Amino acid sequence: MDELEQKYLKSLAKQYPTIAAASTEIINLQAILSLPKGTEHFMTDIHGEYEQFKHILKNGSGSVRRKIDEEFGNTLSNKDKKSLATLIYYPEEKLEIVLREEDENSIEDWYKITLHRLVQITKRVSSKYTRSKVRKALPQDFSYVIEELITEKAEIQDKEAYYNEIIHTIIRIGRAPEFIVALSNLIQSLVVDHLHIVGDIYDRGPGPHIIMDTLRQYHSVDVQWGNHDIVWMGAASGHLACIANVIRMAARYGNLATLEEGYGINLIPLATFAMEVYKDTNCDAFAIKYNTDYDTKDLSLDMKMHKAIAILQFKLEGQLIMRRPDFGMNDRLLLDHIDYDKKTVVIEGKEYHMKDTDFPTINRERPYELTKEEEQLMERLRHAFVKCEKLQKHVRFLFSKGSLYKVYNSNLLYHGCMPMDDEGNFSKVSIYGEECSGKALYDVLEKYARKGYYSNHDLQEKLKGQDIIWYIWAGPKSPVFGKDKMATFERYFVEEKESHKETKNSYYRLLDNENVINKILAEFGLDADKSHIVNGHVPVELKKGESPVKCGGKLLIIDGGFSKAYQDKTGIAGYTLVSNSYGMRLVAHEPFESTESAIINESDIFSDSVILETSTTRQKIADTDIGAELRESIHQLNELLQAYRYGGIVERI
């Protein structure tokens with residue numbers, strides 16, 4: 001045994017000080033390897049639609065209802081199954097209705113029936129986990145009682161009387177409502193073992209902050225950053241161009257309340273600036289794409305704020321592009337291509353008429369220069385974002401639980417694409433003098449993104465990292481953007497649609513090319529015969545016959561239009577990919593009416609499930625990444641046992 005190994009085993013011996021302790025742990029870990037693998041759920045492009053997101057999380061993409069059907073079959077009516085499912089999803093709210101409607105004589109019977117049913121479902125959903133794992137998931141107040149109810153007691157002769165007495169006592173001492181809530185929440189957490197969010201939590205919808213609060217409390221989750229997440233991460237770091245983008249998008253979709261009320265970011269300085277500077281300015285090009293919740297009395301002011309922050313964005317991005325010529329984005333410098341007399345702009349060598357050239361803060365000689373008032377405004381906004389405690393917690397969560405890609409159980413997860421040319425060769429990108437492609441490009445971009453947020457001791461490195469965060473958001477060879485340009489300027493100011501065109505990276509034309517997909521999988525060290533790519537970012541237009549399943553099932557694009565802004569285009573309201581011990585299936589969701597309707601009318605989301613793969617033998621934990629970690633732990637514990645037995649390490653009895 002070398003010195004390093006000796007040190008490691010001595011450290012391990014502190015945790016397992018005896019032969020008996022090490023042996024017990026080996027037996028435990030070996031047994032876990034034979035259990036069925038946990039259920040993974042993959043979701044993407046949620047875009048602030050918090051009500052639908054939370055409901056799908058609560059119903060496990062239909063898993064809770066399937067468990068009810070499996071457990072009760074024809075012994076329960078469809079009405080009773082719906083009521084039980086709704087109670088599991090929204091226990092507090094449903095209990096309030098039941099207690100209001102039931103009289104004192106019938107409520108005890110309802111408690112008995114309901115508790116028995118919930119215990120049965122809890123037994124079913126916990127059956128594939130170790131008692132230790134279930135115990136960790138149990139609510140502290142009821143852990144002992146729930147464990148008694150869901151664990152078979154071979155030594156008890158009259159089991160039914162024993163369990164009935166426990167339930168009767170729970171009701172008699174007035175703890176039934178709390179116990180129902182505890183069981184319902186436990187069921188919700190056990191139907192999904194691990195959750196993958198494949199990007200784009202933010203923008204368009206009204207509740208990204210609510211989604212982030214939910215994810216921070218979730219028992220097991222990872223996030224692959226989408227372009228709409230990364231720009232918020234840049235804004236939280238204090239990067240001015242990212243801040244302008246975040247505010248502009250919130251204004252465009254009538255979601256300034258997300259910033260003001262959701263995060264407590266003060267936008268009064270922007271409102272004051274817009275009212276003063278843009279009071280006599282035409283803002284027709286800056287219409288708000290609002291939904292039914294939007295208060296139209298704010299429309300005029302919001303349009304002014306929208307225009308003010310958009311102009312600031314174009315200025316700040318212009319400064320950044322000139323600061324970083326290696327980004328290769330000079331074609332996006334458009335403010336100095338405007339002819340104010342002719343009211344035209346030259347884009348890619350072609351002259352277009354502009355709908356609006358009324359820009360009171362643009363100096364025609366120095367169009368990318370901020371006015372003194374704009375500089376003061378952006379500094380106040382920067383301070384508001386950097387000092388926003390809630391936003392900083394959410395962004396730190398994204399950095400700690402997230403990354404640009406993830407390899408997990410033979411699946412490669414990323415939001416956008418692998419940048420490549422028409423022949424399927426990985427694009428080479430120069431990042432501050434370092435030429436990268438493939439996996440290395442992802443790794444370098446992520447390294448700089450983390451510097452952009454965390455590097456406070458070296459401000460030059462921090463700025464380089466922040467600028468990279470912006471490049472990840474909008475750069476032509478960014479793996480999460482995946483287009484040749486972001487035509488924001490053109491969509492505001494140019495009528496001709498041809499100028500709006502954003503050409504997708506060649507990756508999207510090669511999705512069914514098996515050689516290309518195999519090459520990507522191999523680049524990340526995966527076996528192409530056993531692995532998949534799980535992708536978001538581009539909505540699948542199911543209503544036009546487009547399929548989310550590409551390359552014979554090796555690549556799955558699971559953006560199905562969670563965002564209401566895309567649902568007319570996709571024809572559905574999002575996908576969930578479910579991977580369990582039996583295989584993989586893709587669940588397509590119908591639009592969600594509302595949480596209120598789900599509670600009062602017991603309306604669930606209708607989900608159409610398509611089986612993608614089935615395993616000939618049920619997959620076990622031994623077949624997963626966790627299984628590989630457990631086998632390594634078993635190996636190390638066996639080494640410790642040997643050291644104990646030949647005297648290399650002494651037991652502490």
Side-chain angles (χ1 to χ4, degrees), residues 1-40 126-138 143 147 151 190 193-196 219-222 399-403 405-413 439-440 442-443 446-447 450 521-532 579-581 615-653:
M1 188 178 0
D2 62 31
E3 187 179 350
L4 189 63
E5 187 180 3
Q6 176 86 1
K7 283 182 178 178
Y8 176 75
L9 291 180
K10 281 184 177 178
S11 176
L12 192 62
K14 291 177 183 177
Q15 193 174 356
Y16 305 100
T18 65
I19 288 174
S23 300
T24 299
E25 185 63 5
I26 290 170
I27 294 165
N28 178 45
L29 296 180
Q30 197 68 51
I32 290 172
L33 289 173
S34 64
L35 288 171
K37 80 176 277 288
T39 301
E40 299 169 58
S126 64
S127 62
K128 68 177 180 180
Y129 300 117
T130 63
R131 286 178 66 176
S132 172
K133 183 164 184 171
V134 174
R135 194 177 293 125
K136 288 173 186 174
L138 296 176
S143 57
E147 193 169 359
T151 305
L190 291 175
D193 187 50
H194 187 80
L195 177 65
H196 305 281
H219 57 275
S220 184
V221 63
D222 58 62
F399 274 110
S400 65
K401 293 289 186 179
S403 52
Y405 70 90
K406 190 171 186 67
V407 175
Y408 193 96
N409 289 346
S410 296
N411 294 313
L412 171 60
L413 285 60
K439 179 178 177 293
Y442 272 92
D443 290 336
E446 183 172 326
K447 177 187 77 174
R450 292 184 185 279
L521 290 166
E523 176 75 358
F524 289 86
L526 290 167
D527 183 342
D529 293 328
K530 300 176 182 176
S531 306
H532 311 84
S579 174
N580 59 23
S581 58
S615 300
T616 50
T617 56
R618 196 174 185 188
Q619 282 189 298
K620 298 176 180 176
I621 289 176
D623 305 315
T624 68
D625 292 350
I626 291 172
E629 292 173 11
L630 293 180
R631 282 193 295 274
E632 178 59 26
S633 296
I634 290 169
H635 170 73
Q636 292 162 355
L637 286 163
N638 277 319
E639 292 290 312
L640 179 62
L641 273 184
Q642 292 301 315
Y644 279 144
R645 285 169 176 156
Y646 71 67
I649 292 177
V650 178
E651 286 185 275
R652 290 186 290 118
I653 300 173

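Given the structure is predicted, the values throughout are model-derived calculations rather than measurements.
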Residue Lys10 excluded, over 12 heavy atoms near NZ under 6.0 Å: no
Closest approach of Arg652 to Ala13 (non-hydrogen atoms, all atoms of both residues): NH2-O, 3.2 Å
Non-hydrogen side-chain atoms of Ile621 and Thr624 separated by less than 4.5 Å: yes
His532 side chain near Asn411 side chain, heavy-atom distance below 4.5 Å: yes
Nearest atoms (heavy-atom pairs only) where Lys128 meets Pro36: CB-CG, 3.8 Å
Atom of Leu526, atom of Ser531 and distance for their closest heavy-atom approach: CB-OG, 3.5 Å
Point-to-point distance, once rounded to the nearest 0.5 Å, from NZ of Lys530 to CG of Asn409: 13.0 Å
Residue pair Tyr408 / Asp625: nearest heavy atoms and the distance that separates them: CA-OD2, 3.3 Å
Within-4.5 Å side-chain heavy-atom neighbours: Lys620 and Leu33: no
Side-chain donor or acceptor of Tyr129 paired with backbone N/O of Leu190 under 3.5 Å: yes
Reported CG-to-NE2 distance for the pair Asp222 and His194, which is rounded to 0.5 angstrom: 3.5 Å
Spacing of CZ belonging to Arg631 relative to CG belonging to Asn638, to within rounding of 0.5 Å: 13.5 Å
Partner set under side-chain hydrogen bond (donor to acceptor under 3.5 Å, both in side chains) for Gln619, not counting sequence neighbours: none
Would you give me the side-chain donor-acceptor pairs under 3.5 Å for residues 23-32, sequence neighbours excluded?
residue : atom : partner : partner atom : Å
Ser23   : OG   : Ile19   : O            : 2.7
Thr24   : OG1  : Ala20   : O            : 2.8
Glu25   : OE2  : Tyr16   : OH           : 3.4

Atom of Leu640, atom of Ala22 and distance for their closest heavy-atom approach: CD2-CB, 4.3 Å
Side-chain donor-acceptor pair present, Tyr8, Gln636, cut-off under 3.5 Å: yes
Check ion pair Lys133-Asp193 (N to O, under 4.0 angstrom): yes
Separation between CG of Asp529 and OG of Ser410, rounded to the nearest 0.5 Å: 11.0 Å
Check: Arg450 side chain, Phe399 main-chain N or O, donor-acceptor pair, under 3.5 Å: yes
Atom pair CD/OG of Gln6 and Ser11 - distance to nearest 0.5 Å: 12.0 Å
Value rounded to 0.5 Å, distance of OH in Tyr405 from CD in Glu446: 7.0 Å
Main-chain N/O of Lys439 paired to Glu523 side chain as donor or acceptor, under 3.5 Å: yes
